[in-house]
Amino acid sequence: MSLVHEIDYGTPVSKSAETVKLTIDGNEVVVPAGTSIMRAAMDAGIQVPKLCATDSVDAFGSCRLCLVEIAGRPGTPASCTTPVAAGMVVSTQTERLKQVRKGVMELYISDHPLDCLTCAANGDCELQDMAGAVGLRDVRYGYAGENHLKLEKDESNPYFTFDASKCIVCSRCVRACEEVQGTFALTIQGRGFDSKVSAGMLSDNFLSSECVSCGACVQACPTATLSEKSLIDIGQPEHSVVTTCAYCGVGCSFKAEMRGEELVRMVPYKEGKANHGHSCVKGRFAWGYANHKERILNPMIRESIDQPWREVSWEVAIDRVASEFKRLQSKHGRLAIGGITSSRCTNEETYLVQKLVRGGFGNNNVDTCARVCHSPTGYGLRATFGTSAGTQDFDSVDQSDVILIIGANPTDAHPVFASRMKKRLRAGAKLIVIDPRRTDIVRMPHIEAQYHLPLRPGTNAAILNALAHTIVTEGLVDEAFVRDFCDLDAFEHWATFVSEPQNSPETVGPMAGVSSEAIRGAARLYATGGNGAIYYGLGVTEHSQGTTAVMALANLAMATGNLGRQGVGVNPLRGQNNVQGACDMGSFPHELTGYRHISDDATRTMFEKLWGVPLDNEPGLRIPNMFDAAIDGTFRGIYVQGEDILQSDPNTVHVKKALAAMECVVVQDLFLNETANYAHVFLPGSTFLEKDGTFTNAERRINRVRKVMTPKNGMADWEITLAIAKAMGFEMPYNHPSEIMDEIAALTPTFAGVSYDLLDKEGSVQWPCNEKAPTGTPIMHIGGFARGKGNFMITEYVATDEKVGPRFPLLLTTGRILSQYNVGAQTRRTENVVWHDEDVLEIHPHDAEERGVRDGDWVKLDSRAGGTALHARITDRVAPGVVYTTFHHPETQANVVTTEFSDWATNCPEYKVTAVQVSPSNGPSEWQKDYVEQARQSRRIATKVAAE
Amino acid sequence: MSASAEKLVTMANQIGRFFVPQRDADPAAAIADHLEKFWDPRMRAAIVAHLAAGGAGLDGPVREAVGRLKTVKIPEKGLSA
């Protein structure tokens with residue numbers, strides 16, 4: 001094993017189709033026009049010394065180390081800022097250049113600590129390398145002159161150190177913050193000798209500045225100035241493995257850099273096709289939970305949930321699961337048990353659990369937490385386009401002219417893709433944001449949305465119909481596209497519907513709280529502004545009309561011809577790492593892999609033959625239905641892999657009641673999560689660092705997850721499912737997850753060409769990947785839709801049953817924050833808590849004043865479902881009448897407040913609309929006070945009995 | 001009406017409100033098809049039983065759809081996998 005080394009070409013690649021031939025050091029080189037001499041030289045294997053250049057940012061030309069000589073041209077131009085020209089003859093190493101470079105290095109080193117042996121970057125320092133490359137043997141000026149060696153370190157960021165004494169002011173960090181991340185938190189303060197990298201204002205340090213801790217500056221730094229604290233603590237890694245982040249649906253590729261079995265750092269991988277070498281604070285730094293003291297490493301059982309846990313062997317725990325499940329089926333029937341997987345699980349794990357339930361339990365009571373986030377996406381896009389997935393790859397955004405974001409907050413929830421999006425917006429693309437809240441992207445450095453429609457929560461379908469009304473009635477339909485690719489009868493029916501007066505901006509606007517002119521303006525811009533791309537999130541799906549709104553988005557894209565090429569499309573931003581994969585893998589109760597209904601005899605027969613068992617042809621229970629059935633007494637046991645349903649599902653009181661009604665709750669997770677408080681068997685899970693598998697990201701990209709260390713719990717998650725299946729009498733003999741993927745490929749037409757060998761060869765592929773598309777499909781629906789003709793659906797607005805009134809006059813909507821991830825089980829167990837250690841309630845100044853609430857006060861948040869208390873944050877980000885909170889902390893449990901209303905098609909809960917009242921409070925509510933003790937009681941672990 | 005029946009009625013009516021304005025000549029058939037494809041047998045049995053008991057709260061086309069649902073056989077207690 002060795003480190004995965006990536007070549008730094010010094011400057012970004014040129015995308016020109018035109019080529020230029022030149023000569024460098026006697027070698028003939030052909031490169032795209034616009035390529036720098038530095039990059040052209042690197043293409044030919046010639047490394048020009050450099051310090052301020054790196055290929056993730058534009059050339060800057062400040063370090064004066066990369067100088068070259070060009071025949072017929074005077075002077076010694078910088079190779080990073082000088083583009084190639086036809087017939088150019090370049091020399092990278094001459095006596096003159098050697099002298100100049102040595103002189104430059106002398107100046108750098110005269111003001112740099114000579115502590116290489118004890119420096120964290122020793123062995124991985126570009127300054128050290130360049131000193132060697134130019135043959136520096138002495139510094140003629142000595143080291144006694146005025147210098148920066150006494151400058152203090154900034155240790156405020158929990159993950160990296162800024163040691164100004166080692167800074168060479170090359171500006172790579174500043175440019176990475178601007179060009180790669182798009183935050184503009186860093187600058188060079190002062191001039192000349194006083195020049196210094198500064199985060200935020202003069203009074204700031206890294207932590208108090210706008211820095212989002214993405215790590216781009218650390219990665220760009222050529223010295224030890226910006227270094228990971230883990231690297232300083234552990235030392236340089238000796239091998240690395242490319243794997244995939246287990247946080248959001250962007251699916252960033254990382255190099256897990258290791259020393260033995262100890263993870264030193266996660267470094268974003270340039271060859272990663274989703275992230276192209278960028279990262280966010282979670283994937284880059286928030287992996288410490290893997291070693292957290294609260295992680296459970298031994299299986300545990302208990303007879304009832306009021307007892308302490310007892311640690312037992314794997315055999316005993318697995319036997320308990322199987323015997324209990326068999327007992328429940330024997331007593332209450334075949335349909336009395338089921339299973340749930342998380343979208344955090346790999347494709348292979350998810351596939352295995354649905355196979356266990358269908359083949360081993362003999363029913364279809366299997367679901368995934370995608371139920372409660374993007375299930376409407378699957379239904380809506382399948383009905384309109386024919387495929388339950390987004391249409392584009394992430395790179396497509398580079399070609400977009402108009403970006404429409406609805407119900408998504410990419411800078412917080414999908415930060416690495418948001419950086420790509422921001423780059424395109426800074427380059428001139430136009431922006432429409434439809435969101436009740438003024439998210440960061442509405443106005444930030446060098447970006448301002450042309451239209452922000454701050455609609456009332458629950459009115460998505462109405463607003464989208466009003467956009468469609470404008471497009472149709474103002475003659476902005478792309479008639480040629482509709483004629484060529486869509487069902488014309490369906491279009492005519494839809495066009496008549498959206499043209500009706502109730503869908504006009506003038507009718508919808510006042511009801512939705514948005515000006516009709518803004519609606520019309522946004523519609524015109526989307527329809528006529530060039531390539532229009534729609535990006536959406538849970539602010540679309542988690543509504544009683546979630547599926548309807550997804551269809552309305554698809555209708556808009558079809559009507560304007562914004563499909564089937566780069567720069568356009570309908571793109572769901574998936575919340576978790578494997579939401580797409582969880583849906584693909586047949587983990588919805590009504591369908592097998594590849595979205596084929598369980599009642600389809602031909603498909604079911606194929607699975608039955610391979611699995612050797614008969615399968616039920618009836619759909620099973622969805623997650624909310626499981627809770628209802630548990631309370632009704634017909635559902636008695638559940639296997640929950642990686643999902644904290646008690647914290648993440650709506651109406652916590654209802655979920656608690658359901659869990660308490662079950663006789664056998666099996667939780668497989670890293671930690672004793674909130675659901676485990678109601679569990680009878682706990683099976684310790686493994687982290688993404690400890691297993692092999694694949695994740696499928698929001699762009700349908702199948703990425704490899706590679707094991708970098710032995711599972712601390714003794715078994716990878718897929719092995720645990722195999723053990724349960726065996727104990728249930730349903731053997732699933734696999735030796736490695738690659739064999740599971742081979743089976744998925746054999747049974748699933750869209751995955752037919754996928755194998756671990758192909759993924760190793762290609763890096764990643766986007767499904768469909770089969771005979772027709774052997775290396776995958778970046779853009780869907782080119783030249784026609786997967787279903788044949790695009791299908792316009794009628795999307796009549798139906799107001800939610802969740803109404804405001806005198807008792808509950810405000811609307812609560814919820815979301816995620818950058819530093820935390822969903823229920824926070826992972827991120828709360830990292831240093832990320834320095835940015836967000838509690839959920840707070842955002843409330844408009846007007847609503848706060850009416851209630852006598854001041855910023856920072858405790859407030860009670862009550863709905864028809866329940867209440868909680870939290871601190872208030874007064875802000876005009878939210879409109880009057882709307883309040884907002886996150887759902888990362890169990891001490892708050894925002895879902896105590898949310899209701900069981902759900903999407904008509906999929907039962908996806910309506911998290912985004914809850915009628916609430918806010919009132920002053922003295923502190924936490926009674927249940928919150930009791931919760932800490934209750935959780936402590938529930939998590940007691942008895943001393944292990946030797947005879948067990 | 002029991003809480004669980006009330007919830008099923010709400011869900012069924014939501015489905016109905018989507019399918020009624022669609023192009024389908026027979027919205028009840030589309031509603032019934034959705035219920036067959038996405039509702040677990042015990043949920044379908046419960047809504048059928050609710051209709052048999054008068055079907056309080058069910059919208060017109062939904063009543064018709066529920067009336068068309070095929071007979072659902074729930075596996076008996078004691079039947080093992």
Side-chain angles (χ1 to χ4, degrees), chain A residues 325-326 329-337 359-365 379 489-490 493-494 497 544-545 547-548 551 588-591 597-599 613 616 618-622 624-626 628-629 631-632 634-635 728-730 792-796 798 801 900-907, chain B residues 1-28 30-50 57-62 65-66 69-81:
Chain A
F325 282 171
K326 284 178 185 170
Q329 285 194 306
S330 169
K331 192 172 165 194
H332 301 287
R334 177 165 55 85
L335 306 185
I337 62 170
F361 295 178
N363 64 48
N364 293 311
N365 294 330
Y379 192 104
D489 286 344
H493 191 65
W494 172 79
F497 159 72
S544 59
Q545 281 202 292
T547 295
T548 310
M551 291 172 174
F588 285 140
H590 65 281
E591 62 193 10
H597 202 273
I598 191 73
S599 65
V613 287
D616 191 350
E618 288 281 4
L621 294 167
R622 298 170 289 195
N625 311 146
M626 290 179 188
D628 294 339
I631 291 167
D632 286 348
T634 65
F635 190 72
M728 293 291 292
F730 180 57
F792 284 87
M793 302 293 290
I794 301 302
T795 53
E796 191 166 284
V798 179
D801 289 332
E900 289 165 66
F901 288 117
S902 66
D903 174 50
W904 66 267
T906 64
N907 270 167
Chain B
M1 199 188 317
S2 71
S4 53
E6 194 176 347
K7 189 184 274 188
L8 291 178
V9 168
T10 301
M11 285 162 52
N13 285 341
Q14 279 183 289
I15 294 165
R17 279 181 213 134
F18 175 79
F19 283 107
V20 166
Q22 301 302 320
R23 279 189 304 151
D24 307 278
D26 185 359
I31 298 165
D33 181 60
H34 186 91
L35 295 174
E36 297 276 6
K37 279 188 172 148
F38 295 96
W39 282 28
D40 155 85
R42 75 196 86 178
M43 293 165 68
R44 300 205 309 270
I47 198 80
V48 168
H50 178 74
L58 286 173
D59 293 343
V62 181
V66 174
L69 290 179
K70 289 176 224 148
T71 310
V72 184
K73 190 168 180 290
I74 308 286
E76 290 170 18
K77 281 185 181 178
L79 181 68
S80 70

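On a predicted model such as this, the values are computed, not experimentally measured, just so you know. Here is how names work: the chains are called A, B, and so on, in the same order as the sequence lines, proteins then strands, and each is numbered from 1.
Judged purely by atom type and a 3.5 angstrom limit, B:Arg42 uses its side chain to pair as donor or acceptor with the backbone of A:Thr634.
Highest contact tally toward chain B, considering only A:Asp489, A:Asp903, A:Ile598, A:Asn364, is held by A:Asp489 [criterion: heavy-atom pairs under 4.5 Å]. Of the listed residues (A:Ala336, A:Gly620, A:Gly729, A:Ser902), the one with the most heavy-atom contacts under 4.5 Å to chain B is A:Gly620. Chosen from B:Arg17, B:Gln14, B:Glu36, the residue pairing most often with chain A at heavy-atom distances under 4.5 Å is B:Gln14. The candidate with the highest count of non-hydrogen atom pairs below 4.5 Å against chain A, out of B:Ile15, B:Asp40, B:Val20, is B:Asp40.
With a 4.5 Å cut-off on side-chain heavy atoms, A:Met551 and B:Phe18 count as touching. Side-chain atoms of B:Trp39 and A:His590, non-hydrogen and from C-beta on, never get closer than 4.5 Å to each other. Inter-residue side-chain proximity for A:Ile794 and B:Pro21 is flagged as met; some heavy-atom pair is nearer than 4.5 Å.
Atoms CD and CZ, on A:Glu618 and B:Arg44 in that order, are 4.0 Å from each other to the nearest 0.5 Å. Atoms CZ and CZ, on A:Phe792 and B:Arg23 in that order, are 11.0 Å from each other to the nearest 0.5 Å. Separating the OG atom in B:Ser4 from the CG atom in A:Asp632 is a distance of 4.5 Å, to the nearest 0.5 Å. In this structure, CZ in B:Phe19 is found 6.5 Å from CE in A:Met793, a value given to the nearest 0.5 Å.
Of the atoms belonging to A:Ser544, heavy atoms from both backbone and side chain fall under 4.5 Å from chain B. Proximity to chain B is limited to the side chain of A:Asp801, based on heavy atoms less than 4.5 angstrom apart. In this structure, chain B has no heavy atom under 4.5 Å from any part of A:Asn363. In this structure, the portions of A:Phe635 lying under 4.5 Å from any heavy atom of chain B include both its backbone and its side chain. For A:Ala490, the parts lying near chain B are the backbone and the side chain together; criterion is any non-hydrogen pair under 4.5 Å.
Ring centroid separation for the pair B:Phe38 and A:Trp904 does not come in under the 6.0 Å cut-off.
Between A:Glu900 and B:Lys7 there is a salt bridge, with a side-chain nitrogen of the basic residue lying less than 4.0 Å from a carboxylate oxygen of the acidic one.
For A:Asn625, the side chain to side chain contact (heavy atoms under 4.5 Å, CB included) test picks out A:Leu621, A:Arg622, A:Asn907, B:Met11, B:Met43, with sequence neighbours left out. Annotation: side chain to side chain contact (heavy atoms under 4.5 Å, CB included) contacts of A:Ser599 (sequence neighbours excluded): A:His597.
When all heavy atoms of B:Pro41 and A:Pro619 are compared, the closest pair comes out as CD-O, 3.3 Å.
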